[in-house]
Amino acid sequence: MALIYKLSKVPSSSEYITGLNRISDRINDTQIRLLQEQYYSPNRTVTATQIANLVGIKGGVPVVNSLYSSYNVYGLENLL
């Protein structure tokens, strides 16, 4: 079963920038590319398989899921 995190308040662009700056020393270039590719995807929606192909991630879905879950390790509260 997938865990879905629903924000009680959608952050503004400046709040996202502030949050990402707070964790910038803990995320790598591949994680940044994931966010960029998702942002530029139609409707900001992309599957793990698609994003693995777009970013060139070897290992596919499990690796993508692991990279995305690391954002949770850094704390979603930092993005708000």
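When reading the values below, keep in mind they use all heavy atoms of this one structure, side chains included, and skip hydrogens, waters and symmetry mates.
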Over all heavy atoms of both residues, which pair between [X] and [Y] is shortest? Give the atoms and the distance, please.
X	Y	value
Thr47	Gln50	N-OE1, 2.8 Å
Gly60	Ala52	CA-CB, 3.9 Å
Ser24	Asn21	OG-O, 3.0 Å

| Which residue, Ile27, Ile57, Leu35, forms the side-chain contact (heavy atoms from CB on, under 4.5 Å) with Leu67? |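 Only match with Leu67 under side-chain contact (heavy atoms from CB on, under 4.5 Å): Ile57.
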
Decide if atom CG of Asp29 counts as having more than 12 heavy atoms of other residues, nucleotides or ligands within a radius under 6.0 Å.
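Atom CG in Asp29 is not crowded, with 12 or fewer foreign heavy atoms closer than 6.0 Å.
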
Partner set under side-chain contact (heavy atoms from CB on, under 4.5 Å) for [X], not counting sequence neighbours:
X	result
Asn65	Ala48, Val61
Ser12	Ser14, Glu15
Glu37	Arg33, Ile51, Leu54, Val55

Measuring from Leu34:CG to Gln31:CD, what's the distance to the nearest 0.5 Å?
->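 That separation rounds to 7.0 Å.
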
| Exam field: side chain Thr45 to backbone Asn43, donor-acceptor pair closer than 3.5 Å |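 Here the side-chain-to-backbone pair exists.
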
Do Ser41 and Gln38 get their side chains close enough for a donor-acceptor pair, meaning under 3.5 Å?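 Absent: no donor and acceptor within the cut-off.
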
* To do: Check whether Ile23 and Ile32 end up in the same hydrophobic cluster, where Ile, Leu, Val, Met, Phe, Trp and Tyr are linked by side-chain heavy atoms less than 4.5 Å apart.
  =>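 Ile23 clusters together with Ile32.
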
